[in-house]
There are 2 protein chains.
Amino acid sequence: MLDLPDDILEPPGRSPVARDVAHRAGVSTATVSRVLNGSAGVRADKREAVMRAAQDLGFVANGAARALSTRRFMAVGAVVPNIENEAFVRVLSSVQDRLRQADYTLIAANAGYDLEDELREATFLLERGIDGLMLVGDIHHPDLHARIARSGIPMVQTFSLSREHPCVGFDNAASAARAANYLMDLGHRRIGVISGLRKDNDRGGARVTGIAQALAARGLRLAPEHDIEISYGIGGGRDGFRQMLAGGPPPTAIICGTDQIAFGAMIEARARGISVPGDLSVIGHNDSDFAPFLDPPLTTIRIHSVEIGHAAGDHLIARIQGRPVVRLTEIDAELILRASTAPPRRGAG
Amino acid sequence: MLDLPDDILEPPGRSPVARDVAHRAGVSTATVSRVLNGSAGVRADKREAVMRAAQDLGFVANGAARALSTRRFMAVGAVVPNIENEAFVRVLSSVQDRLRQADYTLIAANAGYDLEDELREATFLLERGIDGLMLVGDIHHPDLHARIARSGIPMVQTFSLSREHPCVGFDNAASAARAANYLMDLGHRRIGVISGLRKDNDRGGARVTGIAQALAARGLRLAPEHDIEISYGIGGGRDGFRQMLAGGPPPTAIICGTDQIAFGAMIEARARGISVPGDLSVIGHNDSDFAPFLDPPLTTIRIHSVEIGHAAGDHLIARIQGRPVVRLTEIDAELILRASTAPPRRGAG
DNA sequence: TGGCTATCTGAAAGCGCTTTCAAAAACCGC
DNA sequence: GCGGTTTTTGAAAGCGCTTTCAGATAGCCA
């Protein structure tokens with residue numbers, strides 16, 4: 001019988017397991033595990049042997065077995081309202097940055113601004129055994145927190161602040177109010193809002209509330225015909241602005257829920273010969289890539305998605321590893337002034 | 001002693017396992033498993049009892065244990081070059097659509113147009129035990145396919161066609177050539193290209209090659225000073241076009257690697273008083289949301305990302321389930337004509 | 001009622017890794 | 001060279017689920 005090396009006898013199709021490595025290195029699986037997990041207390045020569053054997057065999061530990069044994073899945077879930085929204089994509093990728101550094105994986109899911117769907121997606125992730133969960137906002141299905149609690153994993157909410165749950169975000173009402181105050185300081189008195197869907201969306205709702213309160217604080221009010229709710233997107237922005245013009249005297253300034261909406265509104269304005277910022281000041285939300293390149297460049301509320309993501313990732317990792325964390329992290333939004341805002345024309349207010 | 005219901009006595013902190021359900025329903029764990037996995041051959045009354053017990057306890061099967069036992073992780077990985085690119089986001093979300101229908105999860109990772117990083121990310125996913133893998137393009141790290149093969153899971157490439165590997169995509173060279181031919185049919189003879197980074201990017205490379213060949217077929221050539229490579233984004237497009245103008249007589253038409261790049265080029269053109277499409281025709285790639293809303297609306301090559309994602313998802317699921325599949329699925333791109341293209345000014349060609 | 005199938009069911013054996021525990025080996029000072 | 005430590009090490013017991021296999025039940029017909 002020929003004396004073939006082990007690796008040729010290795011039956012193909014079956015990937016090597018710890019026992020194979022142990023066998024080849026002449027140790028037990030316990031030692032293999034110790035070496036591969038970097039734990040101390042293995043003599044240098046054995047450690048070497050194991051390393052080489054693992055290398056030769058192309059050994060890759062079975063994740064499921066490891067998860068079962070350690071009770072750690074090494075993955076964190078995130079459910080966002082809309083995976084095509086720039087802000088959420090940025091958060092996902094920055095959360096992932098941090099998770100990767102701790103050897104965790106991110107599993108993302110889409111809830112489509114629907115609480116039932118959000119519950120379904122989160123449950124799905126929970127069943128998978130995720131070790132932590134990131135959500136957006138403070139409004140969720142009534143059963144969601146109970147399920148999360150039962151699973152015993154850490155959860156963090158993002159993009160808004162919460163009284164009850166750990167969170168990383170900012171005060172949506174206050175930042176939108178800041179935009180409204182800025183417009184009022186410029187002299188505007190008829191200010192409109194075009195927001196995305198507000199149902200089950202505390203961020204959108206809070207922003208409008210914040211604006212209404214800021215107006216009220218200066219004796220103005222948000223006219224119902226200037227308070228428009230549309231579905232997201234450029235088309236939505238166009239429709240929304242058109243709708244706003246249909247009701248009485250036009251506003252001299254508008255605050256939009258996203259930069260896309262603002263873009264749409266500006267297109268509609270141009271189509272109607274309304275000049276921006278001459279006749280109409282426009283403020284967006286998010287500071288998307290294209291905002292500085294619109295004509296005129298868009299004044300917008302920059303949401304620090306990347307920082308939010310990093311903080312949320314760090315928060316989850318810390319709690320998973322049992323380290324202490326602060327319950328609430330505020331990462332304030334910032335008003336970026338560009339050319340789409342200006343004082344109203346004389347006598348227009 | 002008080003006669004408390006079971007669920008109050010349940011020690012908190014330990015989530016219920018199959019044995020608890022079995023115990024409560026008065027059956028074995030084997031039967032619990034059979035009921036929960038919908039397999040036939042369990043008498044109605046026992047089935048009922050198990051269902052109720054699981055419900056009462058809020059039982060959720062441990063994913064790791066299940067994965068270990070079935071050798072199925074119920075997750076598919078996807079590595080894309082840039083998770084912030086609209087086309088890739090759409091593909092991810094449409095792949096996920098299909099995976100969810102088969103109860104699979106998608107785990108997405110970002111490779112940042114770097115083969116080493118792509119290898120690292122893919123390896124990371126492979127180690128996690130994914131059941132299938134989606135990649136973008138046909139150029140990868142030399143070791144990648146070997147690792148995938150060793151893991152024994154199905155893989156599918158997207159966005160381009162491949163001679164060697166299963167794929168869902170289209171002929172990038174041919175579709176870009178179509179755009180070039182369209183421009184030449186309009187009468188253009190000086191045609192330029194602004195593409196994203198071409199290194200390790202077969203799609204970008206193929207598009208430029210396709211254009212060059214189409215030009216050559218009609219006795220024209222792609223002048224080196226009209227062949228610009230930039231990093232993606234609106235800013236990149238601006239810079240790219242500026243750079244192109246610096247070298248000799250300007251082109252009368254350009255084809256851009258993405259709509260963002262086209263947007264940037266149009267901004268730069270406007271800034272210099274070059275009218276589109278009067279002095280310059282512009283074609284983009286992807287048909288992004290904003291393309292129809294630019295001024296003028298952008299002619300672009302629409303890539304059917306959603307269909308590609310669905311086909312890729314179906315392909316992977318089919319192979320995971322051992323069903324036969326076609327190796328190559330072509331989902332052709334489409335030239336969408338809008339107002340950013342027109343015949344060149346008389347005498348300009 | 002008895003004999004023979006066709007259904008159901010539970011015990012038990014994994015899946016591949018980690019981790020405990022006790023034994024073995026190595027080390028140390030005298 | 002010896003008793004007492006201190007390291008290293010491997011055997012074995014899980015982790016929680018699926019699945020096989022054989023025994024228990026139920027169903028059916030004569």
Side-chain angles (χ1 to χ4, degrees), chain A residues 10-11 13-51 53-54 57-74 103 126-131 151-152, chain B residues 11 13-51 53-54 57-75 103 126-131 151-152:
Chain A
E10 205 66 51
R14 191 181 67 83
S15 42
V17 297
R19 196 211 314 258
D20 300 329
V21 176
H23 197 255
R24 187 178 238 259
V27 301
S28 71
T29 61
T31 297
V32 170
S33 173
R34 282 190 273 256
V35 170
L36 267 29
N37 292 301
S39 85
V42 176
R43 233 173 40 213
D45 57 336
K46 302 231 171 194
R47 155 167 270 115
E48 280 280 298
V50 170
M51 298 282 242
L57 262 32
F59 172 74
V60 172
N62 176 312
R66 171 174 282 167
L68 180 57
S69 189
T70 59
R71 280 97 179 297
R72 287 264 169 106
F73 183 50
M74 299 305 282
D103 267 330
L126 254 17
E127 285 177 0
R128 283 277 179 288
I130 50 166
D131 302 309
S151 78
Chain B
R14 192 181 66 85
S15 42
V17 297
R19 196 211 314 259
D20 301 327
V21 176
H23 198 254
R24 187 177 237 257
V27 300
S28 71
T29 61
T31 298
V32 170
S33 172
R34 280 190 274 256
V35 170
L36 267 29
N37 292 300
S39 84
V42 176
R43 232 172 42 212
D45 57 337
K46 301 228 172 197
R47 153 167 271 116
E48 280 279 299
V50 170
M51 298 282 242
L57 261 32
F59 171 74
V60 172
N62 177 311
R66 172 176 281 167
L68 180 57
S69 184
T70 59
R71 278 90 182 303
R72 287 265 169 105
F73 183 49
M74 300 307 281
D103 268 330
L126 253 18
E127 285 176 0
R128 284 276 177 287
I130 51 167
D131 302 309
S151 79

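Lettering follows sequence order; numbering is per chain, from 1.
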Query raised in the report: Does the side chain of B/Arg34 reach to within under 4.5 Å of the side chain of B/Val27, using non-hydrogen atoms?
Result: no

Sugar-phosphate, base or nothing in reach of B/Val27, heavy atoms under 4.0 Å = sugar-phosphate

Please determine whether a side-chain nitrogen or oxygen atom of B/Asn37 lies at a distance below 4.0 Å from atom OP1 or OP2 of D/dT18. yes

note: B/Arg128, atom CZ; C/dC17, atom P; distance rounded to Å ~ 15 Å

To the nearest angstrom, the CG-P distance between A/Asp20 and C/dC17 comes to 9 Å

- [ ] Tell me what A/Ser33 touches on the nucleic acid: a base, only sugar-phosphate, or nothing, going by heavy atoms under 4.0 Å.
- [x] base

Open item on the list: Between A/Arg66 and C/dT18, is there a contact of a side-chain N or O with OP1 or OP2 at under 4.0 Å?
Closed with: yes

Check whether any side-chain N or O of A/Ser69 sits under 4.0 Å from OP1 or OP2 of D/dC15, and answer yes or no.
-> no

Whole-Å distance, A/Arg34 CZ to C/dC17 P, equals 15 Å

When A/Ala30 and B/Gly41 are each assigned the nearest nucleotide of DNA chain C, the 5'-most assignment goes to B/Gly41

Under 4.0 Å from OP1 or OP2 of D/dC15: is there any side-chain N or O of A/Arg71 that close? no

B/Met74 CE to D/dT18 C1', in whole Å, measures 14 Å

task = Establish, with yes or no, whether the OP1 or OP2 oxygen of C/dG10 is under 4.0 angstrom from a side-chain nitrogen or oxygen of B/Thr31.
result = yes

Taking the side chain as every heavy atom from C-beta outward, state whether B/Met74 and A/Arg128 have any atom pair closer than 4.5 Å. yes

In whole angstroms, the gap separating C1' of D/dG16 from CZ of B/Arg72 amounts to 20 Å

When rounded to whole Å, the CG to P distance for the pair B/Leu68 and D/dG14 reads 17 Å

Does a side-chain heavy-atom distance below 4.5 Å link A/Leu36 with A/Val50?
yes

Winner on side-chain proximity to A/Val17, out of C/dG16, D/dC17, C/dT18, is C/dG16

Separation between CD1 (A/Ile130) and CZ (A/Phe73), nearest 0.5 Å, reads 8.5 Å

